[in-house]
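Remarks on the structure that follows.
Heavy atoms only: backbone and side chains are in, while hydrogens, waters and symmetry mates are out.
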Amino acid sequence: MSLRGLERTFAVHRQSISRWIIEHVKGLPKLKDTLLPAEADDILEYDEAWSFVLKKLNKRWLWTVLCRRTRQIIAFCIGDRSEATCRRLWKKVPSEYRRCVSFSDFWDAYQKVLPQETHHTVGKESGQTSHMERWYCTLRQRQARYVRKTLSFSKCDAFHHMVTKWFIVEHNLARKQLLSLTL
């Protein structure tokens, strides 16, 4: 629900809701702390999804790395679609996952940044990035700001990052709990 919608529903000022969100996100665990330990045969999937802040001219790309075994997002970065943003993403990948085999689409930045020994570029028809694509479908269903034709959008980069982090951390914690019950 949007801030304005929450404001009307609960008769609370938007600044109070914003403050609550900021406090909640500050209290979330670090992304690394939500992850299950890496295993030698883990496979990673890289991809990016488009969104915007305030108006469609202000494009933002959510770059993510998903561990196929756990379906957890092990790293994410929001920025443009450049090699520099891909490098920022690579720096956020935990060291124990950097040796894993990985797959991405043919976007040039991946080929320039990711190690050639373990990284493979593939088309969508290969199915090697289908788990990542499926995760983006979940993101779009639960976060209206990532829907392609939306009336919900972030008004500033800080909130865009906060709600994205909140969603990813909650997703990872749910996956961690689910997997710990089955192991």
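With no hydrogens or angles considered, a side-chain donor-acceptor pair links His119 and Ser104 at under 3.5 Å.
Applying the ring pair (Phe, Tyr, Trp, His ring centres under 6.0 Å) test to every pair with at least one member in residues 79-98, sequence neighbours left out, gives no pairs at all. Sorted by first and then second residue, the pairs that involve residues 13-38 and meet salt bridge (charged side-chain N to carboxylate O under 4.0 Å, His left out), not counting sequence neighbours, are Glu7-Arg14. Pairs of residues two or more places apart, or lying in two chains, that qualify as salt bridge (charged side-chain N to carboxylate O under 4.0 Å, His left out) and include a residue from residues 70-82 are Glu48-Arg81.
Shortest non-hydrogen contact noted between Gly79 and Thr85 is CA-CG2, 4.0 Å. Residue Gln72 comes nearest to Leu35 through the heavy atom pair OE1-CA, 3.5 Å, listed as atom of the first residue, atom of the second, then distance. Considering every non-hydrogen atom in both Lys165 and Pro29, the closest pair reads CE-O, 4.4 Å. Pairing each heavy atom of Arg88 with each of Cys77, the nearest pair is NH2-SG, 3.0 Å. Of all heavy-atom pairs spanning Phe106 and Gln111, the tightest one is O-NE2, 3.5 Å. Across all their heavy atoms, Ala49 and Arg140 have their closest contact at CB-NH2, 3.9 Å.
In the displayed structure, Arg98 atom CZ is contacted under 6.0 Å by more than 12 heavy atoms of other residues, nucleotides or ligands.
For the atom pair OG1 (Thr129) and CH2 (Trp135), the distance works out to 14.5 Å, reported to the nearest 0.5 Å. From Ile22, atom CD1 reaches atom NE2 of His24 across 13.0 Å, with rounding to the nearest 0.5 Å. Note that the OG1 atom of Thr64 and the CE atom of Met132 stand 3.0 Å from one another [nearest 0.5 Å]. One distance of note links OH of Tyr46 with OG of Ser102; it measures 5.0 Å at 0.5 Å rounding. In this structure, OG1 in Thr70 is found 7.5 Å from CG in Asn172, a value given to the nearest 0.5 Å. Rounding to the nearest 0.5 Å gives a distance of 10.5 Å between CZ of Arg99 and OG1 of Thr118.
The side-chain heavy atoms of Lys112 and Asp108, taken from C-beta on, include a pair separated by under 4.5 Å. Inter-residue side-chain proximity for Leu89 and Val65 is flagged as met; some heavy-atom pair is nearer than 4.5 Å. Side-chain contact check for Gln128 versus His120: every heavy-atom pair is 4.5 Å or farther apart.
Aromatic ring centres of His131 and Tyr136: separated by at least 6.0 Å.
By the side-chain hydrogen bond (donor to acceptor under 3.5 Å, both in side chains) test, Glu170 pairs with no residue at all, sequence neighbours left out. Under the side-chain contact (heavy atoms from CB on, under 4.5 Å) criterion, Ser130 pairs with no residue at all, not counting sequence neighbours. Remark: Arg87 pairs with Glu83 by the side-chain hydrogen bond (donor to acceptor under 3.5 Å, both in side chains) rule, at least two apart or across chains.
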Can Trp20 and Val12 be said to form a side chain to side chain contact (heavy atoms under 4.5 Å, CB included), step by step? CA-CA 11 Å; Trp20 295 339; Val12 177; 3.6 Å; yes
Check step by step if side chain to side chain contact (heavy atoms under 4.5 Å, CB included) holds for Trp63 and Tyr110. CA-CA 11 Å; Trp63 296 64; Tyr110 292 123; 3.6 Å; yes
Would Leu66 and Leu44 count as a side chain to side chain contact (heavy atoms under 4.5 Å, CB included) if you check the C-alpha gap in whole Å, the side-chain angles of each, and the deciding distance to 0.1 Å? CA-CA 6 Å; Leu66 177 132; Leu44 305 180; over 6 Å; no
Assess whether salt bridge (Lys or Arg N to Asp or Glu O under 4.0 Å) is satisfied between Asp42 and Arg68, documenting all intermediate values. CA-CA 7 Å; Asp42 278 341; Arg68 191 179 289 175; over 6 Å; no
Can you list the steps and then say if Leu139 with Leu62 is a side chain to side chain contact (heavy atoms under 4.5 Å, CB included)? CA-CA 11 Å; Leu139 174 71; Leu62 170 62; 3.7 Å; yes
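Transitive grouping of hydrophobic side chains (ILVMFWY, heavy atoms separated by less than 4.5 Å) brings Phe159 and Phe76 into a common cluster. Note on Val122: it does not cluster hydrophobically with Leu114, by side-chain heavy-atom contacts below 4.5 Å among ILVMFWY residues. Side-chain heavy atoms closer than 4.5 Å link hydrophobic residues (I, L, V, M, F, W, Y) into clusters, and following such links, possibly through other members, connects Leu173 to Val25. In the hydrophobic clustering of this structure, Leu28 groups with Met162; members are Ile, Leu, Val, Met, Phe, Trp, Tyr whose side-chain heavy atoms approach within less than 4.5 Å, directly or through other members. Val113 and Ile74 fall within the same hydrophobic cluster, where Ile, Leu, Val, Met, Phe, Trp and Tyr residues are linked whenever their side-chain heavy atoms come under 4.5 Å apart, directly or through other members.
In terms of modelled atom types and a separation under 3.5 Å, the side chain of Ser180 and the main chain of Lys176 share a donor-acceptor contact.
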